[in-house]
Amino acid sequence: MKTFYLTTPIYYVNARPHLGHAYTTIVADAIARYKRLGGHRVALVTGTDEHGQKIERAALEAGVEPQKFVDTISAEFRSQWERLGLEYTHFERTTSAHHRKAVEKIFQAVQASGHIYKGHYRGRYCFHDEAFVTDTGEEAECPLCGRPTELVEEENYFFRLSAFEQPLLDYYQKHPAFIRPETRRNEVISFVKEGLRDLSISREKLKWGIPMPGVEGQVFYVWFDALTSYLSGVGYGHPGTGEEKFADCWPADLHLVGKEILRFHAVYWPAFLMAAKLPLPKAIFAHGWLIFEQDKMSKSKGNIVSADPLVDAVGIDGLRYYLMRNIVFGQDSTFSYAGLVQRFNSDLANDLGNLASRTLAMIGRYFKGSIPDPGPEAVQESREAAIIEAAGKTITEFQSKFDNFEFSRGLELVWRFISNLNKYLVETEPWVLAGKEDEASKARLATVLYTSAEALRITAVLLYPIIPTAMQKLWAQLGFPEPLENMRYANLAWGQLPLAQKTGQAEVIFPRLDKEKTIARLSAGTAIGKAVGTAAGKATDTATRTAAEPASKPQKGISMPPDATDFITIDDFSKVDLRAGEIKSAERIEGATRLLKLTVDIGAEVRQVLAGIAEHYQPEDLVGMKVVVVANLKPRKMRGLESQGMVVAASVGEEGKPVLVTFNQDVPNGSKLS
RNA sequence: GGCGGGGUAGCUCAGGGGUCAGAGCGAGGGUCUCAUAAUCCCUAGGCCGUGGGUUCGAUUCCCACCCCCGCUACCA
């Protein structure tokens, strides 16, 4: 059988590893373990994407060579995975020598098939975001930052993406499971149907990249370089043994990506591969984002959640379980400390942990810690038959859910089984049986505790991919000397718990957490970036969206009170020219749901100001209202209209409902606030 | 604007033309005592977004509307 090969994205090193990165990688690790128990050899490649202008610049600002800069951050990713106990077979770096060979090789293959040509790239460019801006008119502003863009032109090499429109559509059609979830697949198809433009794959002005072979002064542009890591990670372009490994692994069985980079994986990547005459990956799964509780954590303040404090609070398995169980894989999910702690207590501590604890305690007490003999079938009752049947069903259905990426559903099934067992113990009352002297009761007691222990054994095997450490502990407590990871689902069936096996040392596997205290502790110490200053710390500031990045939107809501390092001086404050103004007119803007166009009299002049308050204010209610205007804010165009300032409003609640600031007595228009 | 997804109990969601619309969590009450003050049992009376239509009957089908979200290309 071919090795099951899956990948995480290779993470861009302009941001330190955070919970979003950890999420993707944890899922990948869980799938890898699951596949191993399913009898597959598994290759899991993760890594870091280390080229590009952002990196070049961040290194410059940090005062180090780019290579040194990326070495530092890349190492942080590896140490993060180590702290999380994540196992991968290869960590690819795009600055490695063999990756460079792989990029050259695939480029030559694509070139040989005639899909590369030299052309001129002409477009508007935002220097701040280092982004090319398309589909905009003259003097367009950057959609990301609002700053003006400049027209640039350079000679580039292009990939003839347009030639792959139909082949891609055909491929999607023939392989319905290629892009998942379904809704993402629809998006990709509709994107491709609108027509594909050729893609420039090289850059002239960029220095920090892989040089294009045979061409002076051009380096590969991001995706041609980055995506190829999926090939170089399993030996593509490596001389010697690489060939063999590549043949065993490629095509990849699964690329796990965040939804924000799906298009590159579902359109560009297959097109590159088709052009290079390489087989296409079997599946690409785009997961959603973790949306952080906005009043507790705020990206704008730079305190993106790191996985480390979460692990300190609930353990690696607690975090893994939460992410796999609480999130419907593929969908966005709100992340909250309360949810994390609650899941831990109710599912892991109360249900599973307690079941293990009570079962093993009774076996210890009533049978001197040796697995009792359930006796002949005659002494068993319909209750046991029901448990046995439920176990069988759980084993098969759990796998069918997991095979279909429905992790939360699969776990739900296991917990239904666990719940059955807790109920079973209450109904059979082994502690009562233990107090009786007759033979029938003794036999019954043995049956009940065997049943419970055997059910735990099966549960441990099923749950190993999700909560490996805890299940290995349970495994040892059940008395098994060999590692749990050697088990195979194919052999998993009722009745394999060896009789008279001595159980191990009893120990609580999931100690219940004090909810209030844990949440308080988490709220106090989850920020990264500030406290952990290194030469590379600057990278956080330029963080852009990466896989599973939290909070894609500008943060609203109540942010944390500033700590001492956030103080500004009075001079800083006085840079902001705040003026009292009177709203003279207000009207809706066609096609805009949130924006209102206001004219505000600020004394010396009347300004046109656009405000995103249409959802909460009626235009007619605003006229005549005194408001506070930021008068020296750089004008910016929105919806084709220029906004010459902003009105100040409180941002209330999770939705950030705006409440305009006004005065409690009349003030002349133009009064300066200080 | 176009395309796609969605609006169901406090929360996260499932369901699907017809017995009282479901689950988990949370909350309230009760129970046992083997166990991690855990388990187990009972309780929640939710206009199933709004308005029409089809039908003996719609939350489930159709139409319109409102609201939310995603995609609509070269930051990664």
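For clarity, every value in this text was computed on a predicted model and none was experimentally measured. Only heavy atoms go into these numbers, but all of them, side chains included; no hydrogens, no water, no symmetry mates. Numbered from 1 within each chain, the chains take letters A, B, ... in sequence-line order.
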Handout entry: Inter-nucleotide C1' distance (rU19(B), rC3(B)), Å rounded
Key = 41 Å
Completion exercise
Intra- and inter-strand pairing of RNA chain B, written as dot-bracket with Watson-Crick and G-U pairs under 3.5 Å and | for the latter, reads (((((((..((((....[...)))).((((.........)))).....(((((..]....))))))))))))....
Exercise for the section: Sticking with atom P, work out how far rG28(B) lies from rA38(B), rounded to a whole angstrom. Expected result: 12 Å
Completion exercise
Whole-Å distance, Asn345(A) CG to rA38(B) P, equals 8 Å
Practice task
Determine the interatomic distance between P on rC47(B) and the same-named atom on rC42(B); round to the nearest Å.
Solution key: 25 Å
Exercise for the section: Report yes if a side-chain nitrogen or oxygen of Lys423(A) is closer than 4.0 Å to either non-bridging phosphate oxygen (OP1 or OP2) of rC41(B); otherwise report no. Expected result: yes
Fill in the blank from the handout: From OH of Tyr11(A) across to P of rA76(B) the rounded distance in Å is 18 Å
Problem - Candidate nucleotides rC41(B), rA73(B), rA76(B), ranked by approach to the side chain of Arg263(A) - the nearest - result: rA73(B)
Problem - Spacing of the C1' atoms in rG53(B) and rU8(B) (rounded, Å) - result: 22 Å
Exercise for the section: Report the nucleotide, chosen from rU36(B), rA76(B), rU39(B), that has the shortest atom-to-atom distance to any side-chain atom of Val426(A). Expected result: rU39(B)
Fill in the blank from the handout: Between CG of Asn420(A) and P of rG24(B) the distance, given in whole Å, is 11 Å
Exercise for the section: Kindly point out which of rA35(B), rU36(B), rA76(B) is positioned nearest to the side chain of Phe264(A)? Expected result: rA76(B)
Exercise for the section: Answer yes or no: is there an ion pair linking Arg444(A) with Glu429(A), defined by an N-O contact shorter than 4.0 Å? Expected result: no
Practice task
Please state whether the base of rA38(B) and the side chain of Asn350(A) form at least one donor-acceptor pair under 3.5 Å?
Solution key: no
Practice task
Answer with base, sugar-phosphate or nothing: what part of the nucleic acid does Leu196(A) contact at a heavy-atom distance below 4.0 Å?
Solution key: base
Handout entry: Distance test, side-chain N/O of Arg343(A) to OP1/OP2 of rG24(B), below 4.0 Å
Key = no
Fill in the blank from the handout: When rounded to whole Å, the CH2 to C1' distance for the pair Trp431(A) and rA38(B) reads 12 Å
Fill in the blank from the handout: From CG of Leu421(A) across to P of rA35(B) the rounded distance in Å is 18 Å
Completion exercise
To the nearest 0.5 Å, atom CZ of Phe178(A) lies from atom CG of Leu168(A) at 8.0 Å
Exercise for the section: Assess whether side chain to side chain contact (heavy atoms under 4.5 Å, CB included) is satisfied between Arg93(A) and His99(A), documenting all intermediate values. Expected result: CA-CA 7 Å; Arg93(A) 299 185 59 187; His99(A) 178 255; over 6 Å; no
Practice task
Answer with base, sugar-phosphate or nothing: what part of the nucleic acid does Leu425(A) contact at a heavy-atom distance below 4.0 Å?
Solution key: nothing
Problem - Atom pair NZ (Lys193(A)) and CG (Leu196(A)), whose distance is rounded to the nearest 0.5 Å - result: 12.5 Å
Problem - CA sep, side-chain torsions, deciding dist, call: Phe344(A), Tyr321(A), ring pair (Phe, Tyr, Trp, His ring centres under 6.0 Å) - result: CA-CA 8 Å; Phe344(A) 183 91; Tyr321(A) 178 73; 8.9 Å; no
Exercise for the section: Check the surroundings of atom CD in Gln505(A): do more than 12 heavy atoms from other residues, nucleotides or ligands lie under 6.0 Å from it? Expected result: no
Exercise for the section: State whether Phe191(A) and Arg263(A) meet the cation-pi test: NZ (Lys) or CZ (Arg) under 6.0 Å from the six-membered ring centroid, and within 45° of the perpendicular axis. Expected result: yes
Problem - Separation between the P atoms of rC56(B) and rC65(B), rounded to whole Å - result: 28 Å
Fill in the blank from the handout: The nucleotide from rC75(B), rA38(B), rC71(B) with an atom nearest the side chain of Lys54(A) is rC75(B)
Practice task
For ring pair (Phe, Tyr, Trp, His ring centres under 6.0 Å), just list the numbers for Tyr221(A) and Phe159(A), CA-CA rounded to whole Å, side-chain angles, deciding distance to a tenth of an Å, and then say yes or no.
Solution key: CA-CA 11 Å; Tyr221(A) 185 55; Phe159(A) 170 69; over 10 Å; no
Exercise for the section: Would you indicate which nucleotide in rC34(B), rA73(B), rU36(B) comes nearest to any side-chain atom of Val508(A)? Expected result: rU36(B)
Exercise for the section: Tell whether Arg197(A) reaches the base of rA73(B) with its side chain through a donor-acceptor pair below 3.5 angstrom. Expected result: yes
Exercise for the section: Would you mind classifying the nucleic acid contact of Gly353(A) as base, sugar-phosphate or nothing, using non-hydrogen atoms under 4.0 angstrom? Expected result: base
Handout entry: Pairwise side-chain contact, Ser232(A) with Val103(A), heavy-atom cut-off 4.5 Å (strictly under)
Key = no
Exercise for the section: Report which part of the nucleic acid Arg409(A) touches: base, sugar-phosphate, or nothing (heavy-atom distance under 4.0 Å, all strands). Expected result: sugar-phosphate
Completion exercise
Looking only at rG24(B), rA76(B), rU39(B), the nucleotide nearest the Tyr12(A) side chain is rA76(B)
Practice task
Determine, stepwise, if the pair Tyr322(A) / Phe335(A) fulfils ring pair (Phe, Tyr, Trp, His ring centres under 6.0 Å).
Solution key: CA-CA 10 Å; Tyr322(A) 174 85; Phe335(A) 174 88; 5.5 Å; yes
Exercise for the section: Would you indicate which nucleotide in rG70(B), rU36(B), rA76(B) comes nearest to any side-chain atom of Trp223(A)? Expected result: rA76(B)
Completion exercise
Considering only heavy side-chain atoms of Ala361(A), the closest of rC25(B), rA35(B), rA76(B) is rA35(B)
Handout entry: Pairs meeting criterion salt bridge (Lys or Arg N to Asp or Glu O under 4.0 Å) with involvement of residues 327-336 of chain A, two or more places apart
Key = Lys259(A)-Asp332(A)
Practice task
Round to the nearest Å and state the distance from Glu507(A) atom CD to rU36(B) atom P.
Solution key: 13 Å
Practice task
Scan Tyr12(A), Trp223(A), Phe69(A), Trp208(A) and name whichever one has a ring-ring contact (aromatic ring centres under 6.0 Å, His included) with His51(A).
Solution key: Trp208(A)
Exercise for the section: Classify the nucleic acid contact of Arg416(A) as base, sugar-phosphate or nothing, counting any heavy atom under 4.0 Å across all strands shown. Expected result: nothing
Exercise for the section: Using only side-chain N and O atoms of Tyr221(A), determine if any of them is under 4.0 Å from OP1 or OP2 of rA76(B). Expected result: yes
Practice task
Report which part of the nucleic acid Gly195(A) touches: base, sugar-phosphate, or nothing (heavy-atom distance under 4.0 Å, all strands).
Solution key: base
Handout entry: Minimum side-chain heavy-atom gap Phe224(A)-Tyr268(A) below 4.5 Å
Key = no
Problem - Residue whose nearest RNA chain B nucleotide is more 5′ - Asp49(A) or Asn422(A) - result: Asn422(A)
Practice task
Could you give the distance separating rC11(B) and rG49(B) at their P atoms, to the nearest angstrom?
Solution key: 14 Å
Exercise for the section: Sugar-phosphate atoms are those with a prime plus P, OP1 and OP2; base atoms are the rest. Using that split, label each nucleotide of nucleotides 2-7 of chain B B, S or - for protein heavy atoms under 4.0 Å, 5' to 3'. Expected result: -SS---
Handout entry: Asp351(A), nearest nucleotide to its side chain (from rU36(B), rA76(B), rU39(B))
Key = rU39(B)
Handout entry: Interatomic distance, Leu513(A) CG vs rA38(B) C1' [rounded to whole Å]
Key = 14 Å
Exercise for the section: May I have the distance from Ile327(A) (atom CD1) to rC25(B) (atom P), rounded to whole angstrom? Expected result: 19 Å
Practice task
For Ser333(A), report the nucleic acid contact type (base, sugar-phosphate, nothing); a contact means any heavy atom under 4.0 Å.
Solution key: nothing
Exercise for the section: Consider the side chain of Ser357(A), meaning its heavy atoms from C-beta on, and name the nucleotide among rU36(B), rC25(B), rA76(B) that approaches it most closely. Expected result: rU36(B)
Problem - Position toward the 5' end of RNA chain B (nearest nucleotide), Gln331(A) or Arg184(A) - result: Gln331(A)
